[in-house]
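Structure first, then comments.
So you know, we letter chains A, B, ... as the sequences are listed, proteins then strands, and number each from 1. Since we're looking at a predicted model, the values are computed, not measured.
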Number of protein chains: 2
Amino acid sequence: MSSTHTHSKKNQSLTKNQRIVLDLLQNSGEPLKAYFILDSLKKEGLNSPLQVYRALDKLVELGKIHKIESINSFIICNNSNCASNTAFTICERCGKVKEIKNKYLKDSVSDLVKDNQLEITRYNLEFYVLCKSCKIN
Amino acid sequence: MSSTHTHSKKNQSLTKNQRIVLDLLQNSGEPLKAYFILDSLKKEGLNSPLQVYRALDKLVELGKIHKIESINSFIICNNSNCASNTAFTICERCGKVKEIKNKYLKDSVSDLVKDNQLEITRYNLEFYVLCKSCKIN
DNA sequence: ACCTCTAATGTTATACTATTACATATGTAA
DNA sequence: TTACATATGTAATAGTATAACATTAGAGGT
Ligand SMILES: [Zn+2]
Ligand SMILES: [Zn+2]
Ligand SMILES: [Zn+2]
Ligand SMILES: [Zn+2]
């Protein structure tokens, strides 16, 4: 079973608990809270908070999901290579969260970092907005 | 006692609880947790979490302190006019937090926002670093 | 196959963070 | 004064996360 390529490691190495938590977040697409995940996955055999938190921790570490600290929630990564750099917009009215595509963001952040003489290892940027539907209503 | 000028309102309007919580954060200069604040201020007459949280909420609203979400802690504002825009460096090793002076940051953020076509109402930026003393050791 | 080591699991209990609810008091403005 | 908004005090409870310990599953080397 070690005929695999290097790049497949990350996908294959997910354990059962990690996989079902990731699937839930993937299918949801929006931020979910740990205890909501727990309730949702009772039927899958997750019985204790720790089982959820351990899976979440690992998935965060792998960069497959992100934690949005201000709402104690977890969301599937919407990019392919965030590493541990994250950037979100959060609607101030309805709480809707979107991960900002880091394709273009990177250069902007680099400039900002350079301009302010920071030596950073990673970053987390939270931009509060009024989402489209909230702007209308 | 209402002979005051308009601009002094914000300072004078602090209530007793708000004042003693603010003083503690001011004197500390580093991020403090709500229950630590509670313990520290037992002798000042604060007996319940709610008394602390209410003071903290108000001080955050006034922009006098900021909450650092990722560590559930509160820190005195190091700028004069953050409004609700915040930017911190956080040491990945020892957890030391510093607020970034927003004097220069503002333009950089404006550029970033413009480049990424965001319409934001405010922001919170967290830059993870290795602080000087951690870099040495 | 066997041993070894590391990572993950299962379970219980507990720690930490924050809010609800309700009664009371205080300050401010008409 | 009356009315209103804001702040307080207190108790109970909700929500978030980790410690501790025993057990199991996988990966790698021999
Ligand atoms: Zn991502
Ligand atoms: Zn919205
Ligand atoms: Zn500030
Ligand atoms: Zn440090």
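For B:L62 and D:dT6, the CG to C1' distance is 13 Å, given to the nearest whole Å. Rounded to an integer number of Å, the gap from CG of A:D57 to P of C:dA8 is 11 Å. Nucleotide C:dA7 holds its C1' atom 16 Å from the NZ atom of A:K16, rounded to whole Å. As rounded to whole Å, 11 Å separates atom P of D:dA17 from atom CD of B:E69. Rounded to whole Å, the distance from CG on B:L46 to P on D:dT8 is 9 Å. The CG atom of A:D39 sits 12 Å away from the C1' atom of D:dG15 (whole-angstrom rounding). Rounding to whole angstrom units, CD1 of residue A:I71 and P of D:dA17 are separated by 11 Å. Protein atom CD1 of B:I37 is 11 Å distant from nucleotide atom P of C:dT17, rounded to whole Å.
Regarding contacts with the backbone of D:dA17, a side-chain N or O of A:N72 is found under 4.0 angstrom from either OP1 or OP2. Contact check, B:K33 against C:dC16: no side-chain N or O comes under 4.0 Å of OP1 or OP2. Checking the phosphate oxygens (OP1, OP2) of D:dT8, no side-chain nitrogen or oxygen of B:Q51 falls inside 4.0 Å. For A:K67 and D:dT16, the shortest distance from a side-chain N or O to OP1 or OP2 is not below 4.0 Å.
Taking only distance into account, the side chain of B:Y35 never meets the base of C:dA15 through a donor-acceptor pair shorter than 3.5 Å.
In this structure, B:K58 and A:R54 both approach DNA chain D, and ranking their closest nucleotides by distance from the 5' end singles out B:K58. When each of A:A55 and B:F36 is assigned the nucleotide of DNA chain C with its nearest heavy atom, A:A55 is the one assigned upstream, toward the 5' end.
Within a 6.0 Å sphere centred on NZ of A:K98, other residues, nucleotides and ligands contribute 12 heavy atoms or fewer. The environment of B:K42 atom NZ is dense: over 12 non-hydrogen atoms of other residues, nucleotides or ligands sit within 6.0 angstrom.
Residue A:Y53 has its side chain nearest to D:dT16 when only C:dT19, D:dT16, C:dT11 are considered. Closest approach to the B:T15 side chain among C:dT17, D:dT8, C:dT20 is made by D:dT8 (side chain taken as heavy atoms from C-beta onward). Side-chain proximity of B:N17 to the nucleotides D:dT10, D:dG9, C:dA18 is greatest for D:dG9. Relative to the side chain of A:S48, the nucleotides C:dT19, C:dA8, C:dT11 differ in distance, and C:dT11 lies closest. Relative to the side chain of B:Q18, the nucleotides D:dA7, C:dT9, C:dT11 differ in distance, and D:dA7 lies closest.
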Discussion item. Would B:L46 and B:N17 count as a side-chain contact (heavy atoms from CB on, under 4.5 Å) here? Give the steps.
Written reply: CA-CA 8 Å; B:L46 292 199; B:N17 286 356; 3.4 Å; yes

- Task: Would you sort out whether B:K135 and A:E119 count as a salt bridge (charged side-chain N to carboxylate O under 4.0 Å, His left out), showing the intermediate values?
- Result: CA-CA 11 Å; B:K135 213 181 292 179; A:E119 286 181 59; 3.3 Å; yes

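Under the 4.0 Å criterion applied to side-chain N and carboxylate O atoms, A:K96 and A:E30 are not assigned as salt-bridge partners.
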